[in-house]
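Every heavy atom of this structure was used, including side-chain atoms; hydrogens, water molecules and symmetry mates were not. This is a predicted model, so every value here is computed, not measured.
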Amino acid sequence: MRRNPFGVDICCRKGSRSPLQELYNPTQLELSNTAVLHQMRRDQVTDTCRASSAMSRKRRVLTPNDLKHLVVDEDHELIYCYVPKVACTNWKRLMMVLTGRGKYSDPMEIPANEAHVSANLKTLNQYSIPEINHRLKSYMKFLFVREPFERLVSAYRNKFTQKYNTSFHKRYGTKIIKRQRKNATQEALRKGDDVKFEEFVAYLIDPHTQREEPFNEHWQTVYSLCHPCHIHYDLVGKYETLEEDSNYVLQLAGVGSYLKFPTYAKSTRTTDEMTTEFFQNISSEHQTQLYEVYKLDFLMFNYSVPSYLKLE
């Protein structure tokens with residue numbers, strides 16, 4: 001087995017304490033501010049789920065197909081639910097280091113496209129039902145979330161304003177333009193590469209869209225991707241405190257001394273100011289309908305209604 005530059009084997013967890021034990025029965029007796037913060041985040045999810053199930057008559061049971069976003073690391077007893085547009089490339093890189101048994105030591109050496117090759121990581125839907133239940137019970141489960149509309153604008157900018165994303169233009173752009181644009185040119189209908197944000201929003205709130213097929217993972221709600229009302233997440237990390245939260249997960253996994261979340265300042269990052277601008281041209285009626293689509297994500301992860309919204 002290859003050792004990493006720090007001379008520590010990445011393969012297997014040190015000591016006999018699992019991340020779950022470290023989280024809920026910490027070695028130091030007094031609860032750290034971090035532990036208190038994460039308890040509050042867990043409570044917020046629980047309370048929102050309770051309120052939403054009281055309002056809804058629909059009870060659904062998860063199927064293995066619902067678990068394809070949950071990445072499993074058996075060596076460190078971790079389950080990570082990845083949410084696109086919330087640092088998931090870097091977290092997948094970290095999971096490849098953690099599960100690679102010495103194959104990788106520096107997450108940033110792994111090309112981004114390789115991090116998204118599904119065969120490189122094992123997901124929970126690949127296990128038998130008893131194995132799934134065992135891992136859900138005894139592994140530490142975590143996810144990372146982001147302000148829902150900032151994540152949505154980030155997805156739009158990445159998938160519809162970059163010329164290289166032709167597969168998205170063909171698969172979704174052509175459909176959106178056909179449905180949402182009056183008098184669209186033949187070229188726009190063929191290429192689908194100039195979708196306006198207003199058209200994208202109109203497509204998302206169109207009941208026909210939801211009936212036709214589930215949202216693409218890049219704009220699907222966290223609620224539907226990770227099922228936080230069915231799966232008890234031990235840690236909810238936030239994009240706003242990405243580095244601290246990520247390094248806390250790595251610390252609990254017993255690898256914090258030699259593995260850190262990759263730090264880099266992304267100049268193209270979607271900011272709150274940018275999101276505000278994108279929403280300027282959205283009618284208050286459409287803003288209200290869109291907020292309803294993402295409302296559970298706002299409530300569950302404690303994001304307040306954005307000040308720029310003009311809700312009806």
Among Phe279, Phe160, Tyr172, which one satisfies ring pair (Phe, Tyr, Trp, His ring centres under 6.0 Å) with Phe200?
-> Phe160
Checking Asp193 side chain against Lys163 main chain: does a donor-acceptor pair fall under 3.5 Å?
-> no
Would you check if there is a donor-acceptor pair between the side chains of Thr63 and Asn65 at a distance under 3.5 Å?
-> no
Side chain proximity check, Thr270 to Thr275, heavy atoms < 4.5 angstrom = yes
Taking atom types as modelled, find out whether Gln39 and Arg42 have a side-chain donor-acceptor pair closer than 3.5 angstrom.
-> yes
Stepwise salt bridge (Lys or Arg N to Asp or Glu O under 4.0 Å) check, Lys68 with Glu217 = CA-CA 11 Å; Lys68 52 183 188 284; Glu217 60 174 16; over 6 Å; no
Within 45° cone of Tyr82 ring axis and under 6.0 Å: Lys92 NZ or CZ | yes
Checking Glu292 side chain against Thr288 main chain: does a donor-acceptor pair fall under 3.5 Å?
-> no
Partners meeting salt bridge (Lys or Arg N to Asp or Glu O under 4.0 Å) with Arg171 (sequence neighbours left out) | Glu213
Could you name each residue pair satisfying salt bridge (charged side-chain N to carboxylate O under 4.0 Å, His left out) that touches residues 271-281, not counting sequence neighbours?
-> none
In chain order, what residues pass the disulfide bond (SG atoms under 2.5 Å apart) check against Cys88, with sequence neighbours excluded?
-> none
Pairs in or reaching into residues 126-146: which pass salt bridge (charged side-chain N to carboxylate O under 4.0 Å, His left out), with residues at least two apart or in two chains?
-> Glu74-Arg135, Lys141-Asp234, Arg146-Glu150
Minimum side-chain heavy-atom gap Leu252-Leu78 below 4.5 Å | no
Tell me which donor-acceptor pairs under 3.5 Å the side chains of residues 298-307 have, and how far apart each pair is, sequence neighbours excluded?
from   : atom 1 : to     : atom 2 : distance (Å)
Tyr303 : OH     : Glu240 : OE1    : 2.7
Tyr303 : OH     : Glu240 : OE2    : 3.4

Counting only N and O atoms by type, is there a donor-acceptor contact under 3.5 Å from the side chain of Asp245 to the main-chain atoms of Lys238?
-> yes
Regarding Glu243 and Ser246, is there a side-chain donor-to-acceptor distance under 3.5 Å anywhere?
-> no
Backbone N or O of Thr276 within a donor-acceptor pair of the Tyr308 side chain at under 3.5 Å?
-> no
Pairs where residues 196-207 contributes a residue and the test side-chain hydrogen bond (donor to acceptor under 3.5 Å, both in side chains) is met, not counting sequence neighbours = Arg181-Glu199
Between the main-chain N or O of Leu225 and the side-chain N or O of Gln220, is there a donor-acceptor pair closer than 3.5 Å?
-> no
